[in-house]
Number of protein chains: 2
Amino acid sequence: MAKTTITINDIARDLNVAPSTVSRALNNSNKISEKTKDLIRDKAAELGYDLNMVASSLSRKQTNIIGVMVPSVNRHFFSQVVSGIEDLAYDAGYRIIIAQTNELAEREKDILTLFNSTRVDGIIACLSLETSDVTHFSKILKNGIPLVLIDRVSYELDCPKIVVDNHEGAFQAVSHLVRSGCKRIAHLGGPMGCPVFKERSKGYLDAMQKAGLPIHAKYHLSTDLSTRDVQEAMKVWLSMPETPDGIFTSDSHTGLVAAKIATEAGIRVPEEISFVAFGDDPAHEYITPSLSSIEVPGNEMGRSAMQLILEQCLGESIDVQTIIKPIQLIIRSSSFR
Amino acid sequence: MAKTTITINDIARDLNVAPSTVSRALNNSNKISEKTKDLIRDKAAELGYDLNMVASSLSRKQTNIIGVMVPSVNRHFFSQVVSGIEDLAYDAGYRIIIAQTNELAEREKDILTLFNSTRVDGIIACLSLETSDVTHFSKILKNGIPLVLIDRVSYELDCPKIVVDNHEGAFQAVSHLVRSGCKRIAHLGGPMGCPVFKERSKGYLDAMQKAGLPIHAKYHLSTDLSTRDVQEAMKVWLSMPETPDGIFTSDSHTGLVAAKIATEAGIRVPEEISFVAFGDDPAHEYITPSLSSIEVPGNEMGRSAMQLILEQCLGESIDVQTIIKPIQLIIRSSSFR
DNA sequence: CTGAAAGCGCTAACAG
DNA sequence: CTGTTAGCGCTTTCAG
């Protein structure tokens, strides 16, 4: 650490007051005269004093640190979430430590114990794709640490959750394809072990059914979100006698890849095949044709999660269980016909 | 915190040994018999003990936390950087706290004092666009806290820096445009207050000069990285009697926008105008035509920065001052003719 | 309004 | 190999 870290004792000695007085003055306690407060503040500034949060945390049993766990920060959605969390945290005087699960359940557990060791005041987490057992989270809850789940949540856990209506979003996306004239609508889903993707698939199915459109097993494929899986699915679909004339993907990245494959195969989008993807990403706007999407408000979700954590940290009792953030269908060229 | 946090004293009492023995055993000190170690570890597991890092940090005067400061995590490059940092940090048993400057010098200062309060063991920072005075960083250095600057650095600061050769990258990009037959190459620069963008502009100018191509002031515009500025620049260029036949942008986002504007104006890319952008972003590959770029290895830069921090934390003396990471010209459709 | 004293939970000499 | 004793720097009763 610093060469010669200066402490409240140093400034207490210089001023001939007790360390406790210094502490109180610096914390702006209302039972210290303005005069001594000023004296102490001046001296503190003069010596370049700066609070040792570690000591303060130990004493107060509160760190003002929030643990944030996401699959990976380098995916647009999660970076939005983290950004939103940080903004609010910063303003509230909290710091965030972030950790990536890389979609590994094992790492998720490790991170949780790490957070616990760090004595974070709260945790915001998005479950990994692998996660099915959530007892490690129950332990957190039992310890009384505020927890807010975000996007990929588990309803087994008794804590606030910030989500979007995946079923509704998928339903809207597919209904939009139906309205724009698609008859053979295919669905490229995500990892079905993850509820989020299951819900989106369900939304697809329900929209198809409501529209009275037939559902073929061949039109209902899923991926592990990898480019490779998208390529295989598209190969299947493009070589069918009756190729789909509309494709709804449960994920932004897979949508981008799928649309690109179609375009490069010389297929006219949206005339021959329309595309809508669940999720937003700046690339949706840049590509030609631009890609329609169900926009998920990542930043806003992060902010809400942090807000809820903050309230719990301030001791407010949280009655809210689940906040459903509005999604929005953005119709772009890929499905405008 | 936890309901009944259990401490080393609890397990010491249970086992009739001294707390220090417990501490040593748990830290796997080599001067504790395997027998008592096992005993202690078992008891710790039984009670569900888990180290209080705050207390440990205070005592050891070391937090194992690294402060990471970037303009904004929701920009692809920075999210890559952060991701790289986190990966390495995690493996090394370090945690990272991240803070966004939002390109504000003032906030940068605040964050630094925040990091200082947190007693981070090291800091990785990317300067904000606004930053010109860097005395707040000198203070950090004077305090002996390891600092590594990344991408947007200041050579006034005596610390390791991870950068790319901006001049060279720009030079390569423009030379590539020259080779592919462009004669009227324009440059869309970034905020010139930031050395990074100045270097890229210089690279453009030098490449033009070396190629013996004339440099018109009108062909040399710059932006604040906003979409709006790009629109204005493109309006100017597209309405000129002699429109540019090649455009090099100093930034990924501005490149994406510029290329889109051209495409939408019915201009054939790359035949009529070729594009190359400095910086990578997944969107470069998705758009049609795909956008050529100078790839900047964000993840790798983050890893190197963390590596350097780690070495300094382990007391190794760092003689390295600046690591120049290799950039790579990726030729995609937007400039392939 | 201010001081004295105890303690947060862990680590690190110093003994033995 | 293990115990004793001081702290780390701050906060917080409890007095006065």
Side-chain angles (χ1 to χ4, degrees), chain A residues 1-41 43-44 47-65 93 116-121 143, chain B residues 1-41 43-44 47-65 93 116-121 143:
Chain A
M1 298 205 174
K3 263 192 326 222
T4 336
T5 321
I6 100 110
T7 75
I8 55 171
N9 299 295
D10 297 327
I11 105 162
R13 196 182 332 101
D14 274 27
L15 255 36
N16 253 348
V17 294
S20 52
T21 305
V22 178
S23 172
R24 281 190 276 251
L26 262 18
N27 286 310
N28 203 22
S29 158
N30 52 6
K31 26 186 173 175
I32 293 283
S33 74
E34 279 305 321
K35 213 187 327 175
T36 47
K37 267 190 198 174
D38 284 345
L39 230 55
I40 288 174
R41 282 199 274 249
K43 186 50 106 180
L47 299 185
Y49 169 78
D50 130 280
L51 173 65
N52 184 333
M53 285 287 222
V54 181
S56 174
S57 295
L58 179 60
S59 181
R60 292 181 306 123
K61 291 167 160 302
Q62 182 190 323
T63 54
N64 279 43
I65 296 181
N116 204 36
S117 269
T118 308
R119 297 299 192 258
V120 295
D121 290 345
N143 281 343
Chain B
M1 299 206 176
K3 265 191 327 219
T4 336
T5 320
I6 103 110
T7 75
I8 54 171
N9 299 295
D10 297 326
I11 105 161
R13 195 182 332 102
D14 274 28
L15 257 34
N16 255 347
V17 295
S20 53
T21 304
V22 177
S23 173
R24 281 189 277 249
L26 262 19
N27 286 310
N28 203 20
S29 157
N30 51 8
K31 24 187 176 176
I32 294 280
S33 74
E34 278 307 319
K35 213 187 325 175
T36 49
K37 268 190 199 174
D38 283 345
L39 228 56
I40 289 174
R41 281 198 276 250
K43 185 51 105 180
L47 299 184
Y49 168 79
D50 130 281
L51 174 65
N52 183 333
M53 284 288 222
V54 182
S56 174
S57 295
L58 179 59
S59 180
R60 290 181 307 125
K61 292 167 158 300
Q62 181 189 324
T63 54
N64 279 43
I65 296 181
N116 205 35
S117 269
T118 308
R119 298 298 192 258
V120 295
D121 290 345
N143 282 341

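For clarity, every value in this text was computed on a predicted model and none was experimentally measured. Heavy atoms only: backbone and side chains are in, while hydrogens, waters and symmetry mates are out. In the text below, chain A, chain B and the rest are named by the order of the sequence lines, each starting its count at 1.
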#### Entry: Considering all heavy atoms, the nearest A:Ala55-B:Leu58 contact
CB-CD1, 3.8 Å
### Query
What integer distance in Å separates B:Arg119:CZ from D:dC8:C1'?
11 Å
### Message
From NZ of A:Lys31 over to P of D:dT11, roughly how many Å is that when rounded to an integer?
### Response
14 Å
### Message
Students often get this wrong, so: under 4.0 angstrom with heavy atoms, is A:Val22 touching a base, only sugar-phosphate, or nothing?
### Response
nothing
### Query
In whole angstroms, how far is the C1' atom of D:dG3 from the CZ atom of B:Arg13?
17 Å
### Task
Grab the CE-P distance between A:Met53 and D:dT11 for me, whole Å please.
10 Å
### Query
Should B:Ser59 be listed as having a side-chain N or O under 4.0 Å from OP1 or OP2 of D:dG7?
no
#### Entry: Whole-Å distance separating the CG atom of A:Asn9 from the C1' atom of D:dC10
8 Å
## Note on the structure
Walking DNA chain D from its 5' end, the first of B:Ser33 and B:Ala55 to be reached, judged by nearest nucleotide, is B:Ser33
### Query
Reading DNA chain C 5' to 3', which nucleotide is the first, and which the last, to come under 4.0 Å of any heavy atom in chain A?
C:dC1 to C:dG9
### Query
Between B:Lys35 (NZ) and D:dC1 (P), how many Å, whole number?
11 Å
### Message
Do A:Asn27 and A:Ser29 pair up side chain to side chain, a donor and an acceptor below 3.5 Å, judged on atom types alone?
### Response
no
### Message
Using a 3.5 Å distance criterion without hydrogens, assess whether the side chain of A:Thr63 forms a donor-acceptor pair with backbone atoms of A:Ser57.
### Response
no
Distances under 3.5 Å between protein N/O atoms and the N/O atoms of nucleotides 4-6 of chain D, please, pair by pair.
residue: D:dT4; atom: O4; partner: B:Ser20; partner atom: OG; Å: 3.1

### Message
Taking only side-chain N and O atoms of B:Lys61, does any of them lie within less than 4.0 angstrom of OP1 or OP2 on D:dG9?
### Response
yes
### Message
Need to verify one output field. Residue with the more 5' nearest nucleotide on DNA chain D, B:Lys37 or A:Leu58?
### Response
B:Lys37
### Task
Compare all side-chain heavy atoms of B:Thr36 with those of B:Val17 and state whether any distance is below 4.5 angstrom.
no
### Distance (rounded to the nearest 0.5 Å) between A:Thr21 OG1 and A:Ile11 CD1
10.0 Å
### Query
So among A:Leu47, A:Leu39, A:Ile40, which one has a side chain to side chain contact (heavy atoms under 4.5 Å, CB included) with A:Lys43?
A:Leu47
### Message
By the 4.0 Å heavy-atom rule, please label A:Asp10 as base, sugar-phosphate, or nothing.
### Response
nothing
### Task
Kindly compute the distance separating CG (B:Asp14) from CG (B:Asn9), expressed to the nearest 0.5 Å.
11.0 Å
### Query
Between atom OG1 of A:Thr5 and atom CG of B:Asn143, what is the distance when rounded to the nearest 0.5 Å?
7.5 Å
### Task
Looking at every strand, decide which applies to B:Thr7 at a 4.0 Å heavy-atom threshold: base, sugar-phosphate, or nothing.
sugar-phosphate
## Note on the structure
Separation of D:dT12 atom P from A:Arg60 atom CZ, nearest Å, is 7 Å
### Message
Taking salt bridge (charged side-chain N to carboxylate O under 4.0 Å, His left out) as the definition, give me every residue that meets it alongside B:Arg13, ordered by chain and number, with sequence neighbours left out.
### Response
B:Asp10
